[in-house]
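Accompanying notes for the structure given below.
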Amino acid sequence: MGNISTKPVYLEDKLAEIKSDGKLEYRSKALPTWCPGCGYFSISEGVTSALNNLAIKPKDTVVVSGIGCSSRFPFFVNTYGFHTLHGRTLPVATGVKTANDDLTVIAVGGDGDGFAIGGGHLSHVARRNVNITYILFDNGIYGLTKGQTSPTSSLGFTTSTTPYENHDRPLNPLMMMLSFGSSWVGQGYAGDPGHLGEMIEQAIAHRGFSYLHILSPCVTFDKTDKTYGNLNMQVKPIPDDHDSSDLMAAIAMAQNVHKPPLGLYYKEDRPTLADGLDEITQQSGGGKNVVTAKAAE
Amino acid sequence: MGNISTKPVYLEDKLAEIKSDGKLEYRSKALPTWCPGCGYFSISEGVTSALNNLAIKPKDTVVVSGIGCSSRFPFFVNTYGFHTLHGRTLPVATGVKTANDDLTVIAVGGDGDGFAIGGGHLSHVARRNVNITYILFDNGIYGLTKGQTSPTSSLGFTTSTTPYENHDRPLNPLMMMLSFGSSWVGQGYAGDPGHLGEMIEQAIAHRGFSYLHILSPCVTFDKTDKTYGNLNMQVKPIPDDHDSSDLMAAIAMAQNVHKPPLGLYYKEDRPTLADGLDEITQQSGGGKNVVTAKAAE
Amino acid sequence: MKNTDIQISICGSAGDGTIAAGDILKRALAKGGFKVIAFDVYPPEIRGFGKCISRVRVTTEQVYSLKHHSDVLVSLDDSHAIPHVGEVRDSGAVIYEDTPISGVLEGSHISAHISPGQIPYGLPVREISEKETSGNRSRNIVALGYLAGLIGMEPEIFHETIADKFRGKAIKITDMNVAAFDKGYALGQKTFKLDDVTVGKAKKSRNKDATITMMNGNAAVVQGCMDAHIKTFFGYPITPATTIMEKLATEMPKVGGRLLQTEDEISAIAATIGAGYAGSRCATATSGPGLALMAEMLGLGVVAELPSVIFVSQRGGPSTGLPTKTEQSDLNLAVYGRGGDGQIIVLAPTNVEGCYKCAGKAFEMAEQYQTPVIVLLDLYLSNRFETVELPKQSPFTKTSNKAAKKKDLEGGYKRYAFTKDLASPRALPGQENGMHTITGLEHNELGRPSDQPRMHEDMSAKRHNKLLAALSHHDITIEKRFGDEGDVDVGILGWGSNFGECLEAMFKAREEGIRCSAMKVVMLSPLPLGPINDFMDASGEVFVPELNYEGQFANLIQGATARSVHSYTRVPGSPMRVEDMLVEIRRLAKIKKAKKIGKTKKAKKKAA
Amino acid sequence: MKNTDIQISICGSAGDGTIAAGDILKRALAKGGFKVIAFDVYPPEIRGFGKCISRVRVTTEQVYSLKHHSDVLVSLDDSHAIPHVGEVRDSGAVIYEDTPISGVLEGSHISAHISPGQIPYGLPVREISEKETSGNRSRNIVALGYLAGLIGMEPEIFHETIADKFRGKAIKITDMNVAAFDKGYALGQKTFKLDDVTVGKAKKSRNKDATITMMNGNAAVVQGCMDAHIKTFFGYPITPATTIMEKLATEMPKVGGRLLQTEDEISAIAATIGAGYAGSRCATATSGPGLALMAEMLGLGVVAELPSVIFVSQRGGPSTGLPTKTEQSDLNLAVYGRGGDGQIIVLAPTNVEGCYKCAGKAFEMAEQYQTPVIVLLDLYLSNRFETVELPKQSPFTKTSNKAAKKKDLEGGYKRYAFTKDLASPRALPGQENGMHTITGLEHNELGRPSDQPRMHEDMSAKRHNKLLAALSHHDITIEKRFGDEGDVDVGILGWGSNFGECLEAMFKAREEGIRCSAMKVVMLSPLPLGPINDFMDASGEVFVPELNYEGQFANLIQGATARSVHSYTRVPGSPMRVEDMLVEIRRLAKIKKAKKIGKTKKAKKKAA
Ligand SMILES: Cc1ncc(C[n+]2csc(CCOP(=O)(O)OP(=O)(O)O)c2C)c(N)n1
Ligand SMILES: Cc1ncc(C[n+]2csc(CCOP(=O)(O)OP(=O)(O)O)c2C)c(N)n1
Ligand code: SF4
Ligand code: SF4
Ligand SMILES: [Mg+2]
Ligand SMILES: [Mg+2]
């Protein structure tokens, strides 16, 4: 894990940087509309470099998102993209992947998108082990709608819908995703783009459902809680001796919410949804899977 | 924990039994429409005896359900009841309880109702610690719609929608509910009505959100998997030395799906949703909570 | 030779094998080359003591609905069958168990309820059954045999059908049941014959390119899906749509298709739209409550201009309503139930063959016009059996996607290009140089979010106008007029499963000398306004019968034409009574006459 | 004394304090006793460089819409303001920064775009601001001061409003801003005056029982909720409804009410209905996408006959559509968007005072008629500020629940008893002897599931007919006619936020000598058919303008009346242009005349 940068990542720096390597191919002509300093810039940077490193072609990549600041993501990468509905990232992604095994499908979205309105889909995509990557942008707030509490907002946090104080205990997304049977679970931090990029790459490379949780400050609507300042002091790397095949150890680590460990929590190899469906085809006596949709050219 | 009865509980036996005690008050005039031998009879018996033992009046009890065989439950007890929509048991129950703290609210429903279509609500009712009891009737199948796979159906199970074989890994409800922050989690078995009754009583008595998972055979649509025969051999009591304040121990135990331990997994005392809302009232400088709805008489 | 037209009702509790007996009956007759239309009624309860009725009408020429009166009622459980004795026509037969069971309460035996005009046929069903099969398991088959003997149907074809039914079970079981059948048959043959019932010879079809089979609406939907080469299906169980998914779960894998039972309907439609985005021929199936949950996602399908097919089988509503009863009350939801200006295509087949056709064509339309397409059935149509002729060669395209060509991709691909036919060429994920992002936000031709007033106006127009082409989609009946082709006194405008009853009513009315015609509207959105207006022009009074309370179709028609119709609504949970419709048609015919006379009088007055 | 009528537009980017300047302006003027109507336009992007426009129209008597042309445009950012120069009337003023910034591209300075008929007022805004406040933070206030000086408004009331605005911040900040304002004011006073602009004296209201305030539609909804003693609220954020929840989150706890932000809209409406079941006065608020998600649960509200209030503020659709633009396209969804025969009450206020009234009355209706009630706003109305007179005493009941009395509970309580007024007495949980179970299944009077045809017919009738009483609900305007009361050539039938424009168009048309009248329909379901038909009888041509593509209201009216209307639809995302409506009204008036002449000619011919 690299050095944790203490300053926010500004758009200008990034632009200069990406011009100097081959990642430009993955970058959309549209400039991100995020606020300067928003953690999301690092994530966009990380995804493009991961795809580049893994040599996955833009044409074979589909980025699916819901609604939120985070979900604007697909517009800012030069791949196929689908900006769907609030909370429906995962079922749409499941549909895309089920229709065409050859695609690399990356689902992205915010904490509200994924764990509030979309919460009902999480456990099912995990247990089915759909071979997609889900990158969750956790800023602990609703950014796009201008600052309401989210399911990961801290106790005592004051927002426009909790003007006195938030009394709802936040969820623990990592623990949840582990308990659902996700076959790859990790955590990154927008303030540490180097490490983040590595994690994204691993997550995409994993065969099966990978869940990457990213702590990412909202510089506009959270001035007190999940700021770069606070998070920089809290995050720490996962100890070297952590056994990523040990589910109980991963769950124990996930409980450490005040000093969030960054890195790979858990990894397991098991059949994917597509494996199961192919097996069913065989069990039915049917021919080879013919579903992969091809462009007619 | 009592002896595990190996024969299914038949309607006739129950009728004779309940006539002999004071529980009749809690029993609806409508006879359950469940198939003879269905595990649900034990649960209905357990709820009425628990309410009787706890001296909670029928008029102060509201049983809220979704849709499914299990969700027909409210018709068979003589309390206030609300048979809502498939999957919406918990948010409706949250509304009822938020409107009137004085009511004892019991939410009931099936594995499909709770963990498929209703799955998005689970984590939120748990983290908010809504002071209700949720009794989940797990038969590993969709009973009312005549036998499709459910999120708790075993791998390899054959149903009308998985005519070849089920390849979707089942969820682990207990682990999930623990990871969501439920303040009381336990497991019972329809084939052991004595112990089940005790568990229901404890769950209702708990101040906060209590989740009771009940293994309950569907004698009509599952002849091979979660039958009384199989379950009788599998279930076992929780060891006496289990510390129910130890979350990690509870999670570890929940992983033992092949020999499901029956009893109390976890219990914690912490503020309920209503406590938080009352605190907000105070923080706002507002008067005492005036929301409790009273019948105009 | 007289044409055959017999209707048989079998009534009992679920445990009695009522539905099974009806099933054997209709399959045997269909095998024999007759036309069959059949509809079963199931109990709403979970456990199996509720009332079941199996009704089978068998004819030489295809008819369009069940008759209100049956020729024969077979009782397998008197407590359930007694309320249905009245449904037997005068001189019709009631077949029942006549062995007295001790302790039977006064009036609880059906024989006390048979009216003088009806003919009682009692026989010792239980006794025969117990003799032929251990433990009285074949009561339904004994009764069936008796029925077949009484009416004079050929026994061989029943033997075959029974063997089919028990295939996979021990041979002994088949043999015992065949024996039970034969015992019943012999008795039936021996007894005095029923009047007005003839089993003529069946007609053979001469269409070499078609296969004649008997199936219900849901099975026809499945066949349509398979013939249209469906690739992916995502669904969640709900009565009465479940059997579509169940049958597809068996069939699709055999040809490499993929089916997934999702966690709910929102997920089902989301995945369907995701698969459609990826270029897959995709569908889901549900009923009213599920369709309600899909409302938001269907709006995305509209704005993103993606194909998806949604089979909706209606049941009684609103809410959980009457899950095992039929109704046509989800029309509003199907046509109007999306936020914003969210028009889509809605097809409502009127019979089983139409289910097949609409299913297949829905895929073509979804792809060609880039839109969600709802195929609106109901419980009556989903579960109604009819003899149908299905083409041996699939009449459906394999894909109707408008693929983006090289020239479309050059110089910045425009996913939502304004083209002549308003459907823009689609680049599919995986396609070189076609990368783009689609969104539920309003967008420009590139697909980029845009909130410019002009763009929103133009895209709204594109989304609506492109659907109009569906009105002349190749090889599908969008609407059709039956009966009198000229000016009529009463025009019946009908839709969906209820149109069979409309046709029967129309034919009956014409027999009575009423100038009457009927038009079915299959495409409910967009509406074929031209033909509808022509029909209204030709009809003195327009009669719109439907199985909902609000008169949803009547309202749809009035909204679109601003012309008034006579809305006729009933919500019994069962098919509409043709007799009741006739009363109304007669009344309207009179109004029409009165108006005519009035007009003539007025004209005369003025002239004077 | 001449009446005041000035409209000011302030245009800049979000970072410029555009909206804040507009806010101070309208608050100061409202304080001064003027009537204000104001509407801001926000950028759709997340980060703050998009265009903002604040438009304020100030008048002596209340008017109904903004004018298409402003009298003054204040530019805080020329790149955004240039496209809006055309919106300034002839002889109107453009106020802008005139210090030349080096390197400014040709044409990028606004002065090059001001037309000869318009009057340029340049001043060194930046320079003054930098002098008075550190770092140029008060440019908006300097410009505002200049404007006030130019037009001749009293400065004191601005000082107060500025102090209010910065209350809670350091005193120094207020002082600096007041100084900036005064600098601008002094310059404005000194310069040459603008023609045709007079600030008259404001009128004082003499209604002692009312408070005059200025607020937007969402704030009025909140006030209505509070005055109606709302007890519980469950909601999920979505533009443009979010501010309802945000304001309630502050207000409700102060009086012991409870508000919960739920995990989604399904949960919000489910909890609302749950709370309603428990006897609590309850509501939720959302926009189109959220309403779509609520469709299934609202059906439960219908069958279970439970009260709930749903505030829906529409935005551009379908799907995510245009989240920061206004539109009236969720009417179909609100009126028709439920499975089964699922009619509910839908109220659409037409102005800010109506938002208050409808909000409060919605609770009464929901309880009294035991049904979900949708109050349909849109972004334009939610965010539009108007001066309103609110009653000092709440005009709403504390509860309108029809409680079950002792006699209702004796001998088996019937939750769904058929009563005279069709609303059955409700026993609430906690009430002795009232235990019962309610369900989304069709049921009998006891609430037990029933699938008997007759019961379903009767319960359907009960559910629909009981709603008709809402048409004569106490003390609320269901519909209202304005302008000419007799026969007219053109009748404008309008609804919702757009009705202000309808009124303005009607008044203008009458000024032109066109016989014209306008009717607003506030209750969209059930429709007040009597008055609507009367209005149509009195109107030569019926003109139905609305902000959606499909003409949803026109279709609703045609469906209900079977009479044809002229549908006029626009989807610019902004209020309708009164001028455009006038063109259409003139055309219709001509049609009417032509028809009349035709008729007379025909009559003459006949007579001849
Ligand atoms: C059905 C629906 N409900 C609500 C909204 C409004 N909405 C848009 S984004 C959002 C929350 C965004 O929060 P999050 O998912 O955490 O993303 P972030 O903006 O923080 O990246 C909400 C509530 C919507 N678009 N659709
Ligand atoms: C929105 C919606 N979708 C589907 C259904 C159909 N449905 C009714 S019950 C049920 C599943 C029942 O399974 P479960 O919840 O496990 O309860 P069980 O019958 O096994 O007790 C389904 C799918 C419905 N009523 N509503
Ligand atoms: S509002 Fe917050 S989350 Fe959204 S772009 Fe700005 S900083 Fe990022
Ligand atoms: S179908 Fe299964 S779950 Fe339903 S009542 Fe019968 S045994 Fe119980
Ligand atoms: Mg967020
Ligand atoms: Mg179940």
Side-chain angles (χ1 to χ4, degrees), chain A residues 28 30 57-65 67 72 74-100 102-103 105 120-121 123-124 128 273-274 277-278 280-297, chain C residues 229 231-232 234 249-260 262-264 266-282 296-297 299-300 304 306 308 399 401-406 412 426-441 447-449:
Chain A
S28 149
K57 287 191 194 151
K59 79 166 182 71
D60 294 322
T61 308
V62 182
V63 182
V64 181
S65 69
I67 301 289
R72 289 281 175 130
F75 293 112
F76 314 139
V77 287
N78 183 35
T79 64
Y80 281 90
F82 195 169
H83 177 238
T84 69
L85 293 184
H86 195 37
R88 309 310 162 199
T89 323
L90 293 176
V92 173
T94 300
V96 173
K97 185 70 184 177
T98 303
N100 187 343
D102 296 344
L103 300 171
V105 178
H121 309 299
S123 63
H124 299 280
R128 290 182 191 126
L273 172 65
L277 292 170
D278 287 345
I280 286 175
T281 302
Q282 288 197 343
Q283 287 170 325
S284 78
K288 202 202 114 32
N289 159 22
V290 295
V291 302
T292 298
K294 286 269 182 273
E297 250 191 318
Chain C
H229 304 278
K231 291 285 180 287
T232 46
F234 305 87
T250 306
E251 298 306 321
M252 285 177 64
K254 295 182 190 163
V255 291
R258 287 176 165 187
L259 177 141
L260 187 67
T262 55
E263 60 273 20
D264 62 13
I266 297 181
S267 181
I269 183 64
T272 304
I273 285 180
Y277 164 70
S280 179
R281 199 158 255 201
C282 56
E296 194 201 6
M297 190 49 79
L300 178 63
L306 291 174
S308 59
T399 172
N401 275 332
K402 186 170 175 183
K405 305 269 164 56
K406 235 189 177 155
R426 283 176 70 202
L428 299 181
Q431 190 166 357
E432 203 82 63
N433 298 323
M435 282 90 69
H436 63 280
T437 291
I438 61 175
T439 170
L441 287 163
R448 297 267 149 192

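No hydrogens, no waters, no symmetry mates; every other heavy atom, side chains included, goes into these values. By convention in this document, chain letters (A, B, ...) are assigned in the order of the sequence lines, proteins followed by strands, and residues within each chain are numbered from 1.
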If you look at every heavy atom in C:T232 and A:A99, which pair is closest and at what distance?
CG2-CA, 4.3 Å

Under a 4.5 Å cut-off applied to non-hydrogen side-chain atoms, are C:E263 and A:R128 in contact?
yes

Roughly how far, to the nearest 0.5 Å, is the OG1 atom of C:T437 from the CZ atom of A:F76?
9.5 Å

So C:Q431 and A:K59, do their side chains get closer than 4.5 Å, heavy atoms only?
no

The interface call for A:S28 against chain C, heavy-atom contacts under 4.5 Å, is side chain

Nearest heavy-atom neighbours spanning C:A427 and A:Y80
CB-OH, 3.8 Å

Counting only heavy atoms closer than 4.5 Å, note whether C:E251 contacts chain A via side chain, backbone, both or neither.
neither

Against chain C, label A:I67 side chain, backbone, both or neither, depending on which of its atoms sit under 4.5 Å from a heavy atom there.
neither

Below 4.5 Å from any heavy atom of chain C, which atoms of A:L103 appear? Answer side chain, backbone, both or neither.
side chain

Measuring only between side-chain heavy atoms, which start at C-beta, is A:V92 closer than 4.5 Å to C:Y277?
no

Can you find a pair of side-chain heavy atoms, one from C:M252 and one from A:L277, that are under 4.5 Å apart?
no

Going by heavy atoms in the side chains, are A:L273 and C:L260 under 4.5 Å from each other?
yes

Stepwise, does the side chain to side chain contact (heavy atoms under 4.5 Å, CB included) test hold for C:D264 with A:H124?
CA-CA 10 Å; C:D264 62 13; A:H124 299 280; over 6 Å; no

Once rounded to the nearest 0.5 Å, what's the spacing between atom CD of C:E432 and atom NZ of A:K57?
5.5 Å

Report the distance from atom NZ of C:K231 to atom CG of A:N100, rounding to the nearest 0.5 Å.
12.5 Å

Using modelled atom types and a 3.5 Å cut-off, is there a donor and acceptor pairing between side-chain atoms of A:R88 and backbone atoms of C:M297?
no

What part of C:N401 gets within 4.5 angstrom of chain A, counting heavy atoms only: side chain, backbone, both, or neither?
neither

Report which part of C:A268 has an atom under 4.5 Å of a heavy atom belonging to chain A: side chain, backbone, both, or neither.
neither

In terms of heavy-atom proximity below 4.5 Å to chain A, should C:T272 be classed as side chain, backbone, both, or neither?
neither

Heavy-atom pairs under 4.5 Å with chain A, option from C:I266, C:L259, C:T250 with the top count:
C:I266

Do any N or O atoms from the side chain of C:R258 and from the backbone of A:T281 form a donor-acceptor pair under 3.5 angstrom?
no

Measure distances from A:A93 to the heavy atoms of chain C and classify the residue's part below 4.5 Å as side chain, backbone, both or neither.
neither

Top contributor to chain C contacts, counting heavy-atom pairs under 4.5 Å, from A:I280, A:N78, A:T94
A:N78

Nearest-0.5 Å distance that lies between atom OG1 in C:T439 and atom CZ in A:R72
7.0 Å

Spacing of CG belonging to C:L306 relative to CZ belonging to A:F82, to within rounding of 0.5 Å
5.0 Å

What are the two closest non-hydrogen atoms of A:F75 and C:G447, and how far apart are they?
CE2-O, 4.1 Å

